[in-house]
Amino acid sequence: MERYEPHDIEAKWQRVWEEAGAFHVENPGYGARAERTFYMLEMLPYPSGVLHMGHVLNYTLGDVVTHFRRRNGYLVLRPMGYDSFGLPAENAAIREGGHPREIAEANIAAIRRQMRRLGWAIDWSREVAAHDPDYYRWTQWLFLKFLEEGLAYRKEAPVNWCPNDQTVLANEQVVDGRCNRCGAEVEAKNLEQWFFRITAYADALLNEYALVEYWPERSIAIQRNWIGRSEGVDVLFRIAELDVDVPVFTTRPDTLFGATFFVLAPEHELVERLAERSEHGDELREYVRRTAAQRGAERADVTREKTGVFTGHAATNPVNGEQIPIWVSDYVLMEYGTGAIMAVPAHDERDYEFAEQFGLPVRPVVAPADGAPPPEGAFVEHSDGERLLNSGDFSGMPAPEGAQAIVERLREQGRAAPAVRFRLRDWGFSRQRYWGCPIPVVYCDECGIVPVPEDELPVLLPDVDDYRPKGKPPLASNEEWVRVPCPRCGREARRETETMDTFVDSAWYFLRYCDPRNDSAPFDREIVDYWLPVDQYVGGVDHLTGHLMYARFFTKVLNDLGMVGFREPFARLFHQGWVQFDGAKMSKSRGNVIGPDDLVEQYGADAVRLYILFMGPADQDMEWTETGIEGIVRFLNRFWRVVLDAADGEPGVVAGPLARKAQETIAKATDDIGRRFVFNTPIAAIMELTNELSRRPDDPARRFAAETAVSLIQPYAPHLAEELWQRLGGERLWEQPWPEVDEALLARRTFELVVQVNGKLRDRLEVPVDLGEEELIARAKASPRVQAHLDGKEIRRAIVVPRKLVNLVVG
RNA sequence: GCCGAAGUGGCGGAACUGGCAGACGCGCCGGACUCAAAAUCCGGUGCCCGCGAGGGCGUGUGGGUUCGAGUCCCACCUUCGGCACCA
């Protein structure tokens, strides 16, 4: 018998698939025929280097689903692309010389080669890359739509500034006050920035989960928490000194009578005005300066002692006319609510801590239920039976009713209004970097911000001499490019020199895949409506608050613009676990990256594919070890021999124990992949079938069992499966129907009855399936092994679980 | 601090709706083949007692529900992940 030679086989079949266009799909109107479509999407790779085992897990998993769905009669769209703008290529260019484009494209070429070598069933005709002008032309086009709709705007805002990368970071790129790419401490800086008004869609992002088919609960919970919707009221406090009413947001109007001081964020516009009229003016200004400098890391540290300065002024509490002191402290955030709070130390831990620090009064206004004494510190629990106290007319009322009544009275006076606040902030997407999509606007002294006309897109990214930002964007150094006539008035104007966050590129790539060569629009609505929503999206859980939110936001906007016919882009979501090495997530910066190349070289692609999925459940983190891959190689060799040995069996014989085992395997694999979305256990099931087949070399159904095993292993080891299928006389296994369970063959005449005495296993009996309860009990009692445990004792009860077990309860 | 996930042999893991704990694989032990080794094949492998038949114990800990709990409930311990002054 010929030996199993993975390299020869894999090269052969990859050529065959390529020539047959096996995984190419056409859009409707161009030859599409299936009624059932399935859009299988995995998050596109960031080409900062070559693929590692984490990618291999991600894409192999998607590949199994692709083959499985194809063979179950779906027309499967399974495209691939590259998130090729962004810092790694730019930083590499700075570090090692060369152009970021050359670096990105070299990486793409390497990744493409790896992907082809692993035999993934990708429709290569739909490949896109974010840095390709044919792609970013439409990124720019979409930006202009958002600008037109007032969903893209500029504002000055404090930003996270990474002094090392010389760039602005999004909140999710700051981890513990440090840059998530280079680890440098993040500083505060005020800059004019571009923002997408994602907060206008906060409620839609929150409410429309109902439209998704299946997202893990935990993923929805993380996004909910990120959006952070809270309902409350805005209450006006008067500052007589300045003759202004200052709104504060509170979710606890029942505690208004407990407000003993008032706090402004250091960035609040009133602080300077108060300072002007205060004997503490210098102290206040000094405090504002200091806190501004220590935004980011230090300010985010919750455990540090609270700081603040008294302004010397007072605000009037509208519920009781009380004058309460106004303080300035950085524990109040300008970015949330109104940047001012009423402080109720008796019922808020942060306010309590501040009051302790500065010796401010604490006045309880909510009594715990059943007269229990108030706890140490702030009383923040919510439980039934709480009543108001020290609250004027409202004292004695149950807290919820009290809150309502207080709000009602303030509303009548025009001093309160219901309000909803979100933790979610607008998405700052401009970057002072070179290697990104240029923002297609021009600044004109006369006309202001002028969009570049659509027919002049794309605004091509020009070459520059130096990619280092040095405080201003690299593009600003190319004066020839920057100077441009204003599209509106023709006078000399200047181009925008900032580029877009790469999350913009990836907020719509899944739409472009559907219609990747369209040169008159980003995509055709009919075509995207045909394929989307994505039936199965697979990617890391780390993208929940970034990419996934942005992609959902884009989709909703495009829906409102009539460009797509759906509100949610991803119907089903799955997060693969991390493949770790040395106890940490693989990443280039950690230097713990294990790639597939050596393994593929040594053992072949099929072995690597099978191994990464056999290591454990795909949604759990796994520690990379190679100790088991030999076992998989052993299995594949054995599989090869056992199947070819069985080739001489009679085709079409589908009865007997081996045939039933094959049926059970079909049922298991189909359910696991199709319904449960688990990928390790089908491999175990196929191993069992293979073991059974080798143990029964003379079984009449051996040929059927072999064919079934080959067919079932095809999504995992498509090259091996195709070769064996051919040797068994078949062709084009990749388009053969997935095996179906024959229920009649699965049916059994007998089953193994488990007999327990007092819940403990005592015997197993092979009995006919059609016995009644009485008969089952009788058989159980008759067993000698059972008798030994009955010991003449009275049987008080007998539990019968049909087709499973009998449990005899003795006294 | 808050939210979430998870704890099963020497190891990765299986056991889906409460019903045979440890499938499958790694590793290890023994045997066959071989001058020998590799490869391959066969058998064994949770722990304890027993020559054996067999018995007892066993899914992080302690309780509970149930004829029956890895699975359900309560309390706790540990590990990992996310958020973190959001009023």
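Every chain is numbered from 1, with letters handed out A, B, ... down the list of sequences. Computed over heavy atoms, backbone and side chain alike; hydrogens, waters and symmetry mates excluded.
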A.B. asks: How does protein reach along nucleotides 9-14 of chain B, written 5' to 3' as B (base within reach of a heavy atom under 4.0 Å), S (only sugar-phosphate), or - (no contact)?
C.D. replies: ---BSS
A.B. asks: Would you please confirm or rule out a distance under 4.0 Å between OP1 or OP2 of B:C67 and any side-chain N or O of A:Arg797?
C.D. replies: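 For A:Arg797, the contact criterion (side-chain N or O under 4.0 Å from OP1 or OP2 of B:C67) is met.
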A.B. asks: Tell me yes or no: between the side chains of A:Glu626 and A:Tyr611, is some donor less than 3.5 Å from an acceptor?
C.D. replies: no
A.B. asks: Is it true that the side chains of A:Asn691 and A:Arg638 contain a donor and an acceptor less than 3.5 Å apart?
C.D. replies: yes
A.B. asks: Classify the side chain of A:Arg675 versus the base of B:C16 as yes if they form a donor-acceptor pair under 3.5 Å and no if they do not.
C.D. replies: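 Check passes, donor-acceptor contact within cut-off.
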A.B. asks: Examine A:Phe354 together with A:Trp327 and report whether their ring centres are nearer than 6.0 Å.
C.D. replies: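 Ring-ring flag for A:Phe354/A:Trp327: true, centres closer than 6.0 Å.
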A.B. asks: Treat a base pair as Watson-Crick or G-U wobble with both distances under 3.5 Å, then lay out RNA chain B in dot-bracket form, 5' to 3', with | for cross-strand pairs.
C.D. replies: (((((((..(((......[....)))((((((.......))))))((((....))))..(((((..]....))))))))))))....
A.B. asks: Could you check whether atom CD of A:Gln404 has more than 12 heavy atoms from other residues, nucleotides or ligands sitting under 6.0 Å from it?
C.D. replies: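 No, the 6.0 Å shell around CD holds no more than 12 heavy atoms from other groups.
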A.B. asks: Between A:Arg218 and B:A6, is there a side-chain N or O to OP1/OP2 distance below 4.0 Å?
C.D. replies: no
A.B. asks: For A:Arg3 and A:Asn637, indicate whether the former's side chain and the latter's backbone hold a donor-acceptor pair under 3.5 Å.
C.D. replies: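 Side chain of A:Arg3 to backbone of A:Asn637, a donor-acceptor pair under 3.5 Å: no, none is there.
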A.B. asks: So, is A:Arg423 close to the B:C83 phosphate, meaning a side-chain N or O under 4.0 Å from OP1 or OP2?
C.D. replies: no
A.B. asks: Heavy atoms under 4.0 Å, any strand shown: does A:Gly631 hit a base, just sugar-phosphate, or nothing?
C.D. replies: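 Sugar-phosphate contact only - A:Gly631 comes under 4.0 Å of backbone atoms but never of a base.
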A.B. asks: Syn or anti for B:G13, please, going by whether the chi angle lies within 90° of 0.
C.D. replies: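 You should classify B:G13 as anti.
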A.B. asks: Under 4.0 Å between any heavy atoms, over every strand shown, what does A:Thr625 touch: base, sugar-phosphate, or nothing? Just pick one.
C.D. replies: nothing
A.B. asks: When the P atoms of B:A69 and B:U78 are considered, how many whole Å apart are they?
C.D. replies: 28 Å
A.B. asks: Using atom P of each nucleotide, how far apart are B:A21 and B:G46 to the nearest Å?
C.D. replies: 14 Å
A.B. asks: Kindly say if A:Thr627 contacts the phosphate of B:G27, meaning a side-chain N or O under 4.0 Å from OP1 or OP2.
C.D. replies: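 No, no such contact exists.
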A.B. asks: Mind checking if A:Val809 touches a base, just sugar-phosphate, or nothing, with heavy atoms under 4.0 Å?
C.D. replies: sugar-phosphate
A.B. asks: May I ask you to check if A:Arg552 and A:Tyr209 form a cation-pi contact, with NZ or CZ under 6.0 angstrom from the six-membered ring centre and within 45° of the axis?
C.D. replies: yes
A.B. asks: Any base atoms under 4.0 Å from A:Arg421, or only sugar-phosphate, or nothing? Heavy atoms, all strands.
C.D. replies: nothing
A.B. asks: For A:Glu623, is the CD atom crowded, meaning more than 12 foreign heavy atoms sit under 6.0 Å from it?
C.D. replies: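 Atom CD in A:Glu623 is packed in, count exceeds 12.
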A.B. asks: Please work out if A:Glu630 contacts a base, only the sugar-phosphate, or nothing of the nucleic acid, heavy-atom cut-off 4.0 Å.
C.D. replies: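 Answer is nothing: A:Glu630 stays at 4.0 Å or more from every strand.
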A.B. asks: Looking at every strand, decide which applies to A:Asp351 at a 4.0 Å heavy-atom threshold: base, sugar-phosphate, or nothing.
C.D. replies: nothing
A.B. asks: Would you say A:Glu217 has more than 12 foreign heavy atoms packed within less than 6.0 Å of its CD?
C.D. replies: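 Incorrect, the count does not exceed 12.
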A.B. asks: State whether a side-chain donor-acceptor pair under 3.5 Å links A:Asp351 with A:Tyr331.
C.D. replies: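 There is such a pair (donor and acceptor under 3.5 Å, judged by atom type) between the side chains of A:Asp351 and A:Tyr331.
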A.B. asks: Distances under 3.5 Å only, N/O to N/O: pair up the protein atoms with those of nucleotides 47-55 of chain B.
C.D. replies:
unit_1	atom_1	unit_2	atom_2	d
B:G55	OP1	A:His789	NE2	2.7

A.B. asks: Is it the case that the side chain of A:Arg423 and the backbone of A:Trp226 share a donor-acceptor pair, with hydrogens and angles ignored and the cut-off at 3.5 Å?
C.D. replies: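 Yes; at least one donor-acceptor contact below 3.5 Å.
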A.B. asks: Relative to each other, are the rings of A:Tyr4 and A:Trp640 parallel, tilted or perpendicular (30° and 60° limits)?
C.D. replies: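 Ring orientation of A:Tyr4 relative to A:Trp640: tilted.
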A.B. asks: Has A:Arg609 got its NZ or CZ under 6.0 Å from the middle of the six-membered ring of A:Tyr716, at an angle within 45 degrees of the ring axis?
C.D. replies: no
A.B. asks: If the P atom of B:G62 is compared with that of B:C77, how far apart are they to the nearest Å?
C.D. replies: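 To the nearest whole Å, 15 Å.
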A.B. asks: With sugar-phosphate meaning primed atoms plus P, OP1 and OP2, does A:Glu349 contact a base, only sugar-phosphate, or nothing at under 4.0 Å between heavy atoms?
C.D. replies: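 No contact.
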A.B. asks: Tell me whether the side-chain N/O atoms of A:Arg641 come closer than 4.0 Å to OP1 or OP2 in B:C41.
C.D. replies: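 The answer is yes; a side-chain N or O of A:Arg641 sits under 4.0 Å from OP1 or OP2.
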